[in-house]
Structure formats: C-alpha cells, structure tokens
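What follows is a single structure, written as structure tokens, with notes after it.
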Amino acid sequence: MHRRYSARGGGCARVLDKLRMKPELPGEGATRVIPADAATVSCRRPESAWSQHRRSKKKFVHHVYDAIAPHFSATRFARWPKVAAFLGSLPRGSLVLDAGCGNGKYLGVNADCLFLGCDISAPLVNICASRGHEVLVADALAFPSVLGRRRKAVEELVRVVRRGGHVLITVWAVEQEDQSLLAKWTPLGPKYDEEWVNASAAPQPRSPSSALSLESIPEAHEHPPARWVSGPSPSLIPSKGIIGDAEKPDGPRAEGTEMGLPDDDVEQQEYFVPWHLPYHRAEVGGASAAIASGFAKKDDQKGAVVYNRYYHVFKEGELQRLVAGIEDAVVADQFYDKSNWCIVLQKT
Amino acid sequence: MRLLTHNMLACNVKGVVNGYPLRLEAEVVAERPADFNADFLRHIFARIDWKAFVGAARSLPEEHAVADLPEDAEPSMLASEDFLRRFHHALLELHVEKGALVCPETGRRFAIDKGIPNMLLNEDEV
C-alpha cells in the first residue's frame, strides 16, 4: 500500500518517513505494508524513467483503487488466518501500525492493542474512519530510486518499530493456491502490448483533459525487448505487503529497467489483475470516463467495468532474499498463508 | 486524530532537519469515550514524547484544552489511578476533527479533515 502515488498529484511520501515517525515508534510496533505499483506507460515526451513510473503508477494503482474503493472495501473482509494470529500474538498494550490498511479489515483485531492505519487512497481511508478507526492518508513508502525501492520499503518499516518490535510483510505469491487464477491475469509483456498499447494506438479524440490516455512503450534501447515491460519497471507487489525483487547480480541496466533482463527460465511475475466493477456499482460517470480514455474496459457478458491492477508477484524465496540484507532485523518467522508469502522480522 | 497519533507524526519535507513535533492547530475537537486500558497506558507512557503531548493538549480550543497534566511526567505517576485517567482522556478521547498540523521548520501545513490528517507531499517536496 505502500508505494503508490496519490492520484491527487501528491508526491510520494514515505508514510513512515513522511510521517517521519520518531525512530522508536512506541509500543510493539507491527506493520503490514500493502504496496502497490504500476506498470509502465510512457509518453512521447522523453520523461525520466522516474516520472514515467510515477505517472503510470498513479494510473494503474491509485486511480484504480480510488475508483473501486467502495466495492473493494465491501468485498474485503476475510482476514488471513496467520496474519490475524500474528496480530493476536502481540503483547497487551502494543501499538500497531497497519501501513497500507486498505479498508481496515485488520484494524482493531486485537482489542488489547491500539491500531493506527494509513493508506494512500483517501476513499479507502475514509471508509476506515467511518468505522471508527484511527487512520491517516499517507504514502507508506517513497523511494529515491527506481531500483531498490522494495529494500527501502523494508528498511523504513524496520526503522519505525522499536527494538524488539515485529514487522509482518505479506505478498502475493506466484504459487497461488488456485492456479486457475493465473489464467485470468494478464501477464505484462507481449499480451499487454497487444491489448493495451496497440489497442489504444487507434486514433483517439485527444482532449487536453484526457490525461489518462495510454501511449506506446519505449523500446528498451540496448536490450532486446524484455519479456516484461521495460522502462521504470514495477518492483513492488501491490498485494498485502511489500517486497522487492531479488537483488540479482547487477548486469548492465538501462536506467529504470528493473534488475536487468530476466533470464528465460524466469517465470512470469508481472501481471495486470482485473477488478470487475459491476455496472450497477460503477458510478457510471466515473467509469465511462475511464472507459473512454482506455483506462478501463466494459465486459458486457459479465455486466462489469474491468479495471486492471498492476501486480508483481513473488516467487518462493524472493522475500527471504530481499530481507537478507537488512542489518538491524532478524527473521522471526516465515510462512505461506492464503496464496501469500509472509515473513516476520524482529528489530534487533 | 488523537493526540497519540499527533505524538508520532513529523514533517518530512525534503531538507527538513527536525520536523517534530508538528504544531497542532485544532479548529474542531470532539470528545469520545474510549475503553480505559491501564496496561496500554503504562506500556505507551515510556514511548510518548511528553513535552509534545502536553504542548498539543494545552493548545486545544479552550473548552477542550487540557490543564490538568503536569509539565513533566515521571513513571511513578503511573501508580496513580487519577493520573492514568487524565492521561487516558487527553491521549485517547480527544479527537481533532478539523484543523492542521504545521511543520515547525518550514511552516508546511498538513490538513486534518473529518478527523483524518493528510500527510501526502507534493512531488517537489519529496
């Protein structure tokens, strides 16, 4: 939840840094971070990879979550057993920061602790507030560079919990329990180009306000077109946790290309995961604008507007490799929970 | 936004050396009862910046301004039920519904609306 840019053009703010939480976040700090990230969409103007990323992130993450917030919230109540168990195990009187709290389904899960939630999506935060939770709008993570932001995200979390405090990170796994799900996701790469880029290449009415139009993706300069979208590639997993991708040995890397070129046997890890917003729920005004600009598509069979959310999903071990380099924390636990890789760090 | 949350927030605009504590400008404050939890209060006491906490409590509009908290607090005070009650009330039962948090260094304002502080920064402030 973390690594998203406010749709309102706010810069990225490390919730913890923006909050500049005091180094010793009081209480048994435990944070869950839900980053979100965006595929790359470039535009004609030679933008720095960084701002391209911000622009695309805004669209494929923030705009989506803001657009689907009420529906997303209404369908997000099941708590993952091991996450709930982790929260239940915290000492009485702990203070828990749920960074990337979404609709706040974990807030208040342990009555003996005090929960503070934050998310970059104001509509979601408002939903939490309406349920009486203590929340604020903030971007949990800001990253100085395109690469290594996942690492920075983890460091930020460790920074704000007190010594001995715990950080639980959960992310979507490539190894989904229901493998058929993957078929419903759009792998980024060739298919992405065909459905989203070339489809939008058709002449579109260019109204100045349609800031959302999709444009072609710049070809990777010295590399053959990567199997995944080049340019400031996504690196965080938007599902319930942050993670960076493994620190692969640094080959020559085009500015902004993530971690160099994937080798052939790398499984597909970058996806658009659809969100079906039923017509009756879609505030048609908003949805129709999104459809007009190619940001969402209508699916008459299902009677729903389809928004695509960018996801990078993690392979087994990827999470462990990411946190391996963190000095002032040790791995206290790691597990697989409901198609998520999870890891608990303890600050030393 | 409770004073507990205020106690943990700071300004992080690029270049700010010490954006803590944020000056609290509370326009609208609501009082809502919260479950009294002595365990929590004792646990959290050691981690509260008392000076920032009392400063914020005293800065609230008169009808809510807190006057019964000591300038400095010692752990020994936690033995007093009366102190715990006053600590509890100021820390957890006062909600700033509307107002702003102001960076002590840059004067950058973070709005509080519907009880929710918005800490997002502009792209040039990152």
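Quick note: numbers below take in every heavy atom, side chains included, and nothing from hydrogens, waters or symmetry partners.
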Are [X] and [Y] side-chain neighbours, meaning at least one heavy-atom pair lies under 4.5 Å?
X      : Y      : answer
A/L95  : B/L4   : yes
A/L116 : B/M8   : yes
A/V137 : B/I116 : yes

So, the side chain of A/E134 versus the backbone of B/T5: is there a donor-acceptor pair under 3.5 Å, distance only? no

Quick check: under 4.5 Å, non-hydrogen atoms only, which of residues 68-98 of chain B neighbour chain A? B/L92, B/H95

Could you state the interatomic distance from CG (A/L114) to NE2 (B/H43), rounded to the nearest 0.5 Å? 11.0 Å

The test is side-chain contact (heavy atoms from CB on, under 4.5 Å); show your working for A/N126 and B/K114 and say whether it passes. CA-CA 8 Å; A/N126 286 328; B/K114 295 197 231 112; 3.8 Å; yes

List the residues meeting side chain to side chain donor-acceptor pair (under 3.5 Å) with A/E155, not counting sequence neighbours, and say none if there are none. none

Residues which pass side chain to side chain donor-acceptor pair (under 3.5 Å) with B/D39, listed by chain and number, not counting sequence neighbours: A/R92

Which donor-acceptor pairs under 3.5 Å do side chains of residues 102-112 of chain B form with protein atoms, sequence neighbours excluded?
{"unit_1": "B/E105", "atom_1": "OE1", "unit_2": "B/V17", "atom_2": "N", "d": "3.0"}
{"unit_1": "B/E105", "atom_1": "OE2", "unit_2": "B/V17", "atom_2": "N", "d": "3.2"}
{"unit_1": "B/E105", "atom_1": "OE2", "unit_2": "B/N18", "atom_2": "N", "d": "2.5"}
{"unit_1": "B/T106", "atom_1": "OG1", "unit_2": "B/R108", "atom_2": "N", "d": "3.1"}
{"unit_1": "B/R108", "atom_1": "NE", "unit_2": "B/E125", "atom_2": "OE1", "d": "3.3"}
{"unit_1": "B/R108", "atom_1": "NE", "unit_2": "B/E125", "atom_2": "OE2", "d": "2.8"}
{"unit_1": "B/R108", "atom_1": "NH2", "unit_2": "B/L120", "atom_2": "O", "d": "3.2"}
{"unit_1": "B/R108", "atom_1": "NH2", "unit_2": "B/E125", "atom_2": "OE1", "d": "2.8"}
{"unit_1": "B/R109", "atom_1": "NH1", "unit_2": "B/E25", "atom_2": "OE1", "d": "3.0"}
{"unit_1": "B/R109", "atom_1": "NH1", "unit_2": "B/E25", "atom_2": "OE2", "d": "3.3"}
{"unit_1": "B/R109", "atom_1": "NH2", "unit_2": "B/E25", "atom_2": "OE1", "d": "2.6"}

